[in-house]
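Below, read A as the first sequence line, B as the second, and so on, with proteins coming before strands; counting in each chain starts at 1. Every value quoted in this text rests on a predicted model; they were computed, and no experiment measured them.
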Amino acid sequence: MSSSSDDDAPLARKAPNGVTKTKDRILGAKTDRRPSTNGTAYPGVSIRHGPVDEDGDSPMKDPSHVNGAALGKRRSRGSLTNGKSYKDLSDSEEADNKPLTKRRKTSKVLVDSDDEDDIPLVRKAKLPPRVDARQFGNSSDDDVPLNKKLANEKAKIEKRAEQTAEAIKSDAKKLKKKATVEESESEDDVPLVRKKPVSKATTNGVKSSAAAKKAKSKAKPEPAVAPKKSAKKKAEEEMEEEEDEAAAEEEFKWWEQPVQGDGTKKWTTLEHNGVVFPPPYQPLPKSARLIYAGTPVTLPPEAEEIAGFYGAMLHSTVNVENPTFNKNFFEDFQAKLDDVGHGVDAKGNKIKIKRFEDCDFTKIHEYYVNEREKKKNRPAAEKKAEKAEKDEAEAQYMFCTWDGRKQKVGNFRVEPPGLFRGRGDHPKTGRVKKRVNPEQITINIGKEAKVPDPPKGHHWKEVKHDQEGTWLVMWQENINGAYKYVMLAANSDIKGQSDFKKFEKARELKKHIARIRKDYTKELKSEVMADRQRATAIYLIDKFALRAGNEKGEDEADTVGCCSLKFEHVTLKPPNTVVFDFLGKDSIRFYDEFEVDQQVFKNLKIFKKAPKSEGDEIFDRLTTSALNKHLSTYMQGLTAKVFRTYNASWTMASLLRDMKSTGTIAEKVKDYNDANRKVAILCNHKRTVAASHGTQIEKMQEKINGLRYQKWRIKMMMLDLEPKLKKKKGADYFKLDEDLTPEWLEQHQAALVEEQRQKITKKFEKDNEKLVADGQKPMKQKELDERLEVATDMAKKFKKENKTKKVEAEGKGASVDKFEANLDKLDQRIETMRVQLQDKDDNKEVALGTSKINYIDPRLTVVFSKKFNVPIERFFSKTLREKFDWAIKSVDEDWEF
DNA sequence: CTCAGCCAGTCCGTTGTGTAACC
DNA sequence: CGGTTACACAACGGACTGGCTGA
């Protein structure tokens, strides 16, 4: 705020127009709907504070007032973002934050006993029974965080699981084969390991099963020019070996060490080799010039590089057709041109790049597409050799020494320059992300360690010895000014420890959850607005796994979480259904309808009450810091995030606990994945539906239809052999399914014929090629025509079948029994395909990975794996096994979340 | 002729990497 | 500020397919 007097200026003058943004160069700057948090960004714009703040000193019941920091943050939140001032509000609203008992005198708004007044839409008589209190954790651990969404999903999945189980059973032969392979492999483990005690003879059995595999596959002669093992792999193997040696004596198991220190000092000694910089810019060849208004232009390399960024992504319509992207890009491009000089044409005449519309990047694009193609098509050996070389050069950066132990570094590469692509509707999309110089880089390293050399002729920005940080290298990025850190990989001790702590914290919540739920259920009726909002928010976070929802600035995409939910994100459907529709983290849409506690419904209605309208925050008396501060009174370190972890793991735990232990390994894996999916749905982890999804589904459906048609033909053949069957089996048995219409039939038959033709033609061409290669004359067209007669005959046959409604029995030794067997096979295939199709479709927009990596306590998976005898490899990939090493080695099957 | 078994090529799901977005 | 969480996309690798061969 530039001047304090502004504080009190009436906001009614409509913020959007009154704003002169210093940053107006940002394309399509959205209308200013919210004040900045610190109140300084928009000089001349008044930020109104609600009566709360004006009365800030008066004794309030609102506990957040006690806290100065919270107050500071809240100041900006007191205002309504649609330009309405609290001063303009009705008397009842003016008393907004005062004890509701007081308000009762002036307004009926929050009178609990007065539901009808409060929610006129709801007829008292028709009020549904209150949501069962049990759902809300008055007491036990049995409180179910599952929501309706999950319940539906559960029913769906269960149904499908049944289908699958059947399909799988019916496909027993295949599966049995598979199962035996699996079993034999795991059995192999033992003798193999015994024979070769050198290899990692322990729990995970990765190596041994790999070895078994190797032994099985017939010793393939290594290609003569076998490129040397990539340095990366070598380095990793070396480490494993070292580990093995150490394991033989004493592997460092931090999870078995006593907890020490206050956790602020993260290391004592730290050695590392710094970072790898991206390769320098390679100027484009003459053929790949930017064409400006029809003239090829030679640009200074620095500008050309930026043009190159754009040209390289010309095929990416999401970017190139986004006006914000183009505007931001061109602004930065022009700025660079103004800085380093515009281009020249072939004769050396200066060309000034003025209009984006006159820029033609297609030549640049073609060049990059071409290069990529070339790179892709190189011989495999060459590719491998290059990779090996690169790995070797980078090997020294892959590991560091942390308190004397070798640890993997996560991201040792400095991010290369390019065009920033923020997710969702990001105001800065298209801006140039600049190349990072050593002079911008800070190194964090042990005092005794050798500081890595900066590239020749350069120096580091700073060298620190901060033992409270876990980062090795840090720099600031130019788009948002965010800090980027090089830290250890997920499988490192330090990351494992903090992962462990995270889940322990979530488990600790179990002890407090009943009390917390009881409290917030009570506080849903609090007479203090701030408390009531807070209770409602905790309810939503607990039940629906919403994120906290911090305030966001103008320079970020407009996404929300619980505390930042706005008027338009929540729709109320009496009697007690709430529809959420908003963009969450990463601009992923959260859409769902929930039935909520009656009191919650009522509260939300109050929080949405006029004069609030679109753009206004629902929880205008609540900030994430106030929320988290309150939560931490229950338990040290408790924040909104912990609820997500807790509810995710808790859900997984209860699903796995109730799982039946029967079935094949594949079935168990599927059961596990189904549980995983429920957690993913709870957390709203989505992925974009693959562009090819629709066609893939269609293809599968068409395949199924083809099989069904085959079934019909076989039945008709049976009839051909034994006409009596018609009576025996009934006429319906021999009818073609109705959805396979005559039109479809014709089309399908045509497709079959065409397929046949293609096959024959392809083979013919191939044969000819062979002949020519052998120095003989190719066959003539006539030969092809003759061969194609097979297809023509097929078409004729179909035609005849369609006409006579009969199908002649095919194949020699045809018998009804044989046909019956064929039918059974077809049925099985159809069933498995149906299940597959359903699975695929249901899974198209659910991402399982995120919850598996971040929310589900890995020990749950380990327990499941042990209890049901499914190798852990079926659940955790190699990297995940490394990441969760602590979990795999630390629990037995009795462990409980 | 049929069929299992093998190989190469293609397809497609999974895994790993990169870095943005969040608290 | 420094950490975790999140998705997209590239790279990888296993499954499937068609063609071929020999029993």
Side-chain angles (χ1 to χ4, degrees), chain A residues 174 178 213 217-218 220 232 264 266 278 316 318 372 376 383 387 410-416 418 420-424 426 428-429 433 442 444 466 468-471 474 476-477 479-490 494-495 498-499 501-502 547-553 556-557 559-564 583-588 623-625 627-628 639-642 644-645 648 680 683-688 690 692-693 696 699-700 755 758-759 762-763 766-767 770 811-813 836 839-840 843 845 847-855 876-883:
Chain A
K174 199 174 166 188
K178 238 182 178 172
K213 225 176 184 176
S217 72
K218 299 211 173 130
K220 234 192 278 173
K232 192 173 165 187
T264 49
K266 307 288 183 5
S316 166
V318 275
R372 210 196 288 181
K376 213 172 86 184
K383 276 194 223 169
K387 192 166 183 290
N411 53 324
F412 51 83
R413 266 178 274 267
V414 173
E415 292 174 16
F420 174 77
R421 173 64 194 155
R423 302 181 211 272
H426 196 115
K428 292 196 175 179
T429 189
K433 179 164 132 175
T442 304
N444 193 31
D466 178 5
E468 295 186 4
T470 68
W471 52 277
M474 180 253 269
Q476 201 168 10
E477 149 264 9
I479 305 281
N480 300 299
Y483 295 94
K484 299 281 190 167
Y485 298 88
V486 170
M487 293 185 203
L488 297 199
I494 189 72
K495 293 281 186 186
S498 85
D499 221 26
K501 274 188 202 154
K502 174 181 77 184
R547 294 187 183 82
N550 268 313
E551 288 298 306
K552 295 194 72 187
E556 300 168 276
T559 62
V560 300
C562 185
C563 294
S564 47
L583 297 183
K585 182 176 175 180
D586 291 307
S587 292
I588 296 295
T623 63
T624 51
S625 50
L627 176 80
N628 285 335
T639 62
K641 168 169 128 56
V642 181
R644 257 168 93 80
T645 315
C683 296
N684 200 43
H685 292 142
K686 290 194 186 166
R687 57 175 178 169
T688 45
S692 57
H693 180 78
Q696 276 176 25
K699 237 178 171 174
M700 285 176 90
E755 201 182 337
Q758 294 270 342
K759 248 190 210 169
K762 227 170 143 188
K763 171 145 171 47
K766 220 174 157 188
D767 287 351
K770 214 172 177 181
K812 62 171 200 176
Q836 264 180 25
D839 238 29
K840 193 182 174 126
N843 233 348
E845 53 177 14
L848 301 189
T850 307
S851 51
K852 201 186 226 177
I853 294 167
N854 300 301
Y855 288 103
F876 291 153
S877 67
K878 181 175 164 284
T879 38
L880 275 191
R881 284 195 302 274
E882 286 169 4
K883 171 176 159 118

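Remark: Arg413(A) is in phosphate contact with dG18(B), judged by side-chain N or O atoms under 4.0 Å from OP1 or OP2. At dA21(B), none of the side-chain N or O atoms of Thr559(A) fall inside 4.0 Å of OP1 or OP2 (strictly under the cut-off). The side chain of Tyr483(A) contributes no N or O atom lying less than 4.0 Å from OP1 or OP2 of dG2(C). When the side-chain nitrogen and oxygen atoms of Arg644(A) are compared with OP1 and OP2 of dA6(C), one or more of them lie within a distance under 4.0 Å. The shortest distance between the side-chain N/O atoms of Lys484(A) and the OP1/OP2 oxygens of dC1(C) is not below 4.0 Å. Note on Thr639(A): every side-chain N or O is 4.0 Å or more away from OP1 and OP2 of dC23(B). Taking only side-chain nitrogens and oxygens, Lys495(A) comes nearer than 4.0 Å to OP1 or OP2 of dT4(C). Between dA21(B) and Lys552(A), no contact under 4.0 Å exists linking OP1 or OP2 to a side-chain N or O. Phosphate proximity of dA6(C) to Lys686(A): absent, as no side-chain N or O sits under 4.0 Å from OP1 or OP2. Applying the 4.0 Å criterion to OP1 and OP2 of dA20(B), one finds that Lys433(A) has a side-chain N or O inside that range. Between Tyr485(A) and the phosphate of dT19(B), there is no side-chain N or O to OP1/OP2 separation shorter than 4.0 Å.
Scanning all heavy atoms of the two residues, the minimum distance from Ser587(A) to Arg423(A) falls at OG-O, 3.9 Å.
The nucleotide whose nearest atom lies closest to any side-chain atom of Ser498(A) is, among dG3(C), dG16(B), dA21(B), dG3(C). Side-chain proximity of Trp471(A) to dA20(B), dG2(C), dG13(B): nearest is dG2(C). The side chain of Arg423(A) lies closest to dT19(B) when the candidates are dT4(C), dT19(B), dC1(C). Checking dG2(C), dA6(C), dT5(C) against the side-chain heavy atoms of Lys502(A) singles out dT5(C) as nearest. Among dG2(C), dG13(B), dT5(C), the nucleotide with an atom closest to any side-chain atom of Tyr855(A) is dT5(C).
The 5' end of DNA chain C is approached more closely, in terms of each residue's nearest nucleotide, by Asn854(A) than by the other of Thr688(A) and Asn854(A). Between Val318(A) and Arg547(A), the residue anchored nearer the 5' end of DNA chain C, judged by the nucleotide with its closest heavy atom, is Arg547(A). Each of Phe876(A) and Ser587(A) has a nearest nucleotide on DNA chain B; the 5'-most of these lies closest to Phe876(A). Sequence order on DNA chain B of the closest nucleotides to Lys852(A) and Gly424(A) puts Lys852(A) first from the 5' end.
Look at CE on Met700(A): it is 13 Å from C1' on dC11(B), rounded to the nearest Å. Counting to the nearest Å, the P atom of dC7(C) and the NE2 atom of His426(A) are 18 Å from each other.
Here Lys641(A) lies in heavy-atom contact (under 4.0 Å) with sugar-phosphate atoms only.
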